[in-house]
2 protein chains.
Amino acid sequence: MEVKSIFEGISEADIEKMLKCFEARKLTFKKDRTIVTNIINVKLIGIMLSGTANMERYDYNGNRSIIEKLSPNSVFGEVFSRLGSDISVIATSDCEVLFIEYEHIIKKCKKGCLYHNILTNNMLKLLSQKIVELNERVEILSKRSIRDKLLSYFELLASSNPKRSFLLPFTYTDLADYLSVDRSAMMREIKNLKEDGFIQTNGKKITIIRY
Amino acid sequence: MEVKSIFEGISEADIEKMLKCFEARKLTFKKDRTIVTNIINVKLIGIMLSGTANMERYDYNGNRSIIEKLSPNSVFGEVFSRLGSDISVIATSDCEVLFIEYEHIIKKCKKGCLYHNILTNNMLKLLSQKIVELNERVEILSKRSIRDKLLSYFELLASSNPKRSFLLPFTYTDLADYLSVDRSAMMREIKNLKEDGFIQTNGKKITIIRY
DNA sequence: AAAACAGTGTTGCAATTGCAACAAAAATTA
DNA sequence: TAATTTTTGTTGCAATTGCAACACTGTTTT
């Protein structure tokens, strides 16, 4: 399933008109700035147009978890989270985000907006894509050891490359937060994986030898 | 956000017509039967109409993980999973499941099916709901200790009840598989939680004392 | 009703993991 | 380019977790 843009099949001119109709707002954020925190009270959906961001949460021990990596066409928002889950989205590069009120997408367009249905369909695809990603995340997190978490995440990253190698999309520190494990324990396990001949690493370039 | 039926806002008679147009199939399953395994090659979406089921996976060590508990209006399907993830859906009670080809929902209805747009909108709500549930699951699984996993899951179950008590929706054995932890270690931790005055239990009835 | 099975509750022990602390390397900022 | 901050890599030790084994209870099946 390829990832589609929310505007797939709608012309530039029509997009502009629709954005007005939806009262959509396009905002830009510099690297490291906070895009949203849990203080939002309107049910907004955010759609990454360009750039990358991390969805993060800190628990009461101060441990950070990276809930999700966001890239172009990723959707996020309070609509998708239960209240009280203290989550924020932090730009990891300069980025553009489109905010639309969820109700505008869900409800039948009163102004008879021409391409409303196309947009709804595109939205359906984006949400499906998000579900795929969340399922992957659940699959990785439900592995019972650090070793298995690493292997299944690495396998996922390598799966699109016949050479079985890939560039880690973030730092090892962030990887630990993404897998929800202690960083030093993870580093130790990566060393073990290398010694046991499962992987080879060169900085952030990782190659799977066997699985 | 309340959970909507996929047929919300469509009359009984129209539903019948649409099901034909979509080539949808309604199947019934007895308790403990397998609803789907990964052998499916068509991109079908399953929608639970009645009954309950578990989405499960066994890893190479024979450990079972309960990926997800399915109840009426839950959606599931290969479209939402990456290939090769060896997942099956097992009925935990007698149930009815509606299967629709994903493409039929996504694509513009050629026959100009009257309520297609309503159904697409309903689908959007179901997928949003699913994303909420998956995010909850990620939140729980990303807790670093069995104690925190238990507490955050219990908190979720108790959140709708002012008395802060709830009935565990499955056996303790299944709970361990759902949290992806060893059962005996989990039982030990539940005992600790009781001794430390966090919870009280009486069979499957659990009350949160403090959090 | 007896037998078989599934779920609960418990424990000792070994393996894994988290924590704390540190040095060195790399990247960023001044 | 010097100074500062972040990231990587490592280790000992303590705490948590998984494993294996067992008894006991409740629930199905024959």
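To find a chain, count down the sequence lines: A is the first, B the second, and so on, and within it residues start at 1. From a predicted model like this one, the values you see are computed outputs, not experimental measurements.
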Rounded distance (Å) that lies between atom P of D:dT7 and atom CG of A:Leu168: 13 Å
State which of C:dG9, C:dC19, C:dT17 makes the closest approach to the side chain of B:Met187. C:dG9
Pick base, sugar-phosphate or nothing for B:Lys204, based on heavy-atom distances below 4.0 Å to the nucleic acid. sugar-phosphate
What is the distance, rounded to the nearest whole Å, between atom CD1 of A:Ile146 and atom P of C:dC19? 11 Å
Gap between atoms CG and P, on A:Asp32 and C:dA27 respectively (whole Å): 16 Å
What is the distance from CG of B:Asp148 to P of D:dA15, rounded to the nearest Å? 17 Å
Side chains of B:Ser88 and B:Thr34: any donor to acceptor distance under 3.5 Å? no
Between C:dT16 atom P and A:Asn192 atom CG, what is the distance in whole Å? 9 Å
Run through A:Arg137, A:Gln129, A:Lys130 and flag the one making a side chain to side chain donor-acceptor pair (under 3.5 Å) with A:Glu133. A:Gln129
Rounded off to whole Å, could you give me the CZ-to-C1' distance for the A:Arg147 and D:dG18 pair? 16 Å
Are A:Ser142 and B:Tyr178 close enough that a side-chain donor and a side-chain acceptor fall under 3.5 Å? no
Roughly how many Å is it from OH in A:Tyr172 to P in D:dG9, rounded to a whole number? 6 Å
Say whether, by atom type as modelled, one donor and one acceptor occur between the side chain of A:Asn54 and the main chain of A:Ile66 under 3.5 angstrom. no
If we count only N and O atoms by modelled type, under 3.5 Å, do the side chains of A:Lys194 and A:Thr201 hold a donor and an acceptor together? yes
Ranking C:dT17, D:dC19, D:dT16 by distance to the side chain of B:Ser184, first place goes to D:dC19
Looking at D:dT6, I'd like to know if its phosphate oxygens (OP1 or OP2) sit under 4.0 Å from a side-chain N or O belonging to A:Thr171. no
Among D:dG9, D:dT17, D:dT11, which nucleotide sits nearest the side chain of B:Glu189? D:dT17
Expressed as a whole number of angstroms, how long is the span from B:Met186:CE to C:dT8:P? 8 Å
Answer with base, sugar-phosphate or nothing: what part of the nucleic acid does B:Lys149 contact at a heavy-atom distance below 4.0 Å? nothing
When you match B:Arg183 and B:Arg188 each to their closest nucleotide on DNA chain C, which lands nearer the 5' end? B:Arg183
